[in-house]
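Computed from a predicted model, the values in this text were never measured in an experiment.
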Amino acid sequence: MQLKKIKAVTASEVCADITLDDDALALLAEGMSPSEYLEQLTGADLLQDAIKFLARALPAREAAWWACLSARHGVSESTPDNEIKVLELAEQWVFKPTDESRHATHEATDTIESDTPVYWAGMSVFWSGGSMVPEDLPAMPAAENLCGMAVSGAVVLAGITDDIVESNNLYQLFIKQGIAVANGENAKAVV
């Protein structure tokens with residue numbers, strides 16, 4: 001498995017500031033590459049840990065795109081308009097990442113509940129870089145791992161259903177999409 005856009009040389013670099021289950025940590029070996037570790041996690045069906053790992057390993061813009069793809073999966077006719085707006089703003093930022101659109105996405109997240117994949121996709125955009133405060137104040141960047149945390153929140157929430165098998169199938173799909181994103185491929189085409 002290739003993960004072309006992931007810059008970390010070892011999986012340990014990625015895991016330095018994320019929280020994984022003990023079973024996932026037991027699979028982490030010294031010098032293991034990110035792709036080898038992701039294969040270990042998915043092979044052991046530690047899918048939520050694989051999501052956390054991949055969310056942190058991806059560059060921020062690609063990670064936010066993955067969050068948007070996962071959140072978009074759950075959009076239906078009953079999705080409130082304000083959630084659709086947040087998702088559209090987040091997707092626009094992915095394709096044209098400006099500080100103005102990043103802040104606009106954040107402002108829009110204030111209109112939706114924080115227990116939705118769309119909310120966390122929006123927060124992943126806001127925490128992707130730049131300052132978290134208005135321009136007239138001294139810059140205050142987000143912690144390096146916040147974007148990945150928001151992305152994993154979006155992806156995990158997008159896969160929650162009442163059926164564990166269905167949830168696992170969704171997580172497997174989302175991980176395949178994340179791998180496609182990591183390789184610069186059309187993740188929308190992954191089914």
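For the atom pair CD of Q92 and OG1 of T105, the computed distance is 7.5 Å after rounding to the nearest 0.5 Å. Atom OG of S152 is separated from atom CD1 of I18 by 8.0 Å, given to the nearest 0.5 angstrom. To the nearest 0.5 Å, the span separating NE2 on H73 from SG on C68 amounts to 15.0 Å. If you take OH on Y37 and CE on M1, they are separated by 13.0 Å, rounding to the nearest 0.5 Å. For the atom pair CZ (F53) and CG (L46), the distance works out to 13.0 Å, reported to the nearest 0.5 Å. In this structure, CH2 in W93 is found 7.0 Å from CZ in R61, a value given to the nearest 0.5 Å.
K5 and G184 make their closest contact through CE-CA, 3.7 Å (heavy atoms, listed as atom of the first residue, atom of the second, distance). Pairing each heavy atom of V151 with each of S124, the nearest pair is CG2-CB, 3.5 Å. When all heavy atoms are compared, the tightest approach of A187 to L69 is CB-CD1, 3.4 Å. Considering every non-hydrogen atom in both S131 and P138, the closest pair reads OG-O, 4.4 Å. Across every non-hydrogen atom of L89 and A108, the tightest pair is CD1-CB, 3.6 Å.
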Criterion side-chain contact (heavy atoms from CB on, under 4.5 Å) on M132 and W127, from CA distance to verdict: CA-CA 8 Å; M132 296 190 306; W127 289 336; 3.7 Å; yes
side-chain contact (heavy atoms from CB on, under 4.5 Å) between K85 and D81, worked out: CA-CA 6 Å; K85 180 181 179 182; D81 289 343; over 6 Å; no
Derivation and outcome, side-chain contact (heavy atoms from CB on, under 4.5 Å), residues F126 and T109: CA-CA 10 Å; F126 184 57; T109 61; over 6 Å; no
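For the pair T10 (side chain) and G31 (backbone), a donor-acceptor distance under 3.5 Å is absent. The backbone N or O of E91 sits nowhere less than 3.5 Å from a side-chain atom of W65 that would complete a donor-acceptor pair. Counting only distance, with no hydrogens or angles, the side chain of S167 and the backbone of G159 share a donor-acceptor pair below 3.5 Å. The backbone N or O of G129 lies less than 3.5 Å from a partner atom in the side chain of R102, making a donor-acceptor pair. Of the possible donor and acceptor atoms, none in the side chain of S70 sits under 3.5 Å from a partner among the backbone N and O of A67.
Side-chain atoms of R56 and E144, non-hydrogen and from C-beta on, do get closer than 4.5 Å to each other. The side-chain heavy atoms of I51 and W66, taken from C-beta on, include a pair separated by under 4.5 Å. Here the side chains of L38 and L54 are in contact, with some heavy-atom distance below 4.5 Å.
At a threshold of 4.5 Å between side-chain heavy atoms, the hydrophobic network of Ile, Leu, Val, Met, Phe, Trp and Tyr places V9 and L58 in two separate groups. Cluster annotation: I164 is not connected to L41 through the hydrophobic network of ILVMFWY side chains, with a link wherever side-chain heavy atoms come within less than 4.5 Å. Two different hydrophobic clusters hold V165 and V155 under the rule that ILVMFWY side chains link at heavy-atom gaps under 4.5 Å.
For K188, there are no salt bridge (charged side-chain N to carboxylate O under 4.0 Å, His left out) partners, not counting sequence neighbours. Partners of A71 under the side-chain contact (heavy atoms from CB on, under 4.5 Å) rule, at least two apart in sequence or in another chain, are L87, P117, V118, A121. For T19, there are no side-chain contact (heavy atoms from CB on, under 4.5 Å) partners, not counting sequence neighbours.
Pairs of residues two or more places apart, or lying in two chains, never qualify as ring pair (Phe, Tyr, Trp, His ring centres under 6.0 Å) while including a residue from residues 2-23.
Within a 6.0 Å radius of CD in E13, more than 12 heavy atoms belonging to other residues, nucleotides or ligands are found. Other residues, nucleotides and ligands contribute more than 12 heavy atoms inside 6.0 Å of the CG atom of N186. Within 6.0 Å of CD on E185 lie more than 12 heavy atoms contributed by other residues, nucleotides or ligands. By the neighbour-count criterion of 12 heavy atoms within 6.0 Å, atom CG of L137 is densely surrounded, having more than that number from other residues, nucleotides or ligands.
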Donor-acceptor list for residues 20-29 side chains, cut-off 3.5 Å, not counting sequence neighbours:
none

Show me the donor-acceptor pairs within less than 3.5 Å that the side chains of residues 170-183 make with the rest of the protein, sequence neighbours left out.
residue, atom, partner, partner atom, Å
Y171, OH, Q48, NE2, 3.4
Y171, OH, V156, O, 2.9
N183, OD1, L3, N, 3.4
N183, OD1, K4, N, 3.0
N183, ND2, Q2, O, 2.7
N183, ND2, I179, O, 3.1

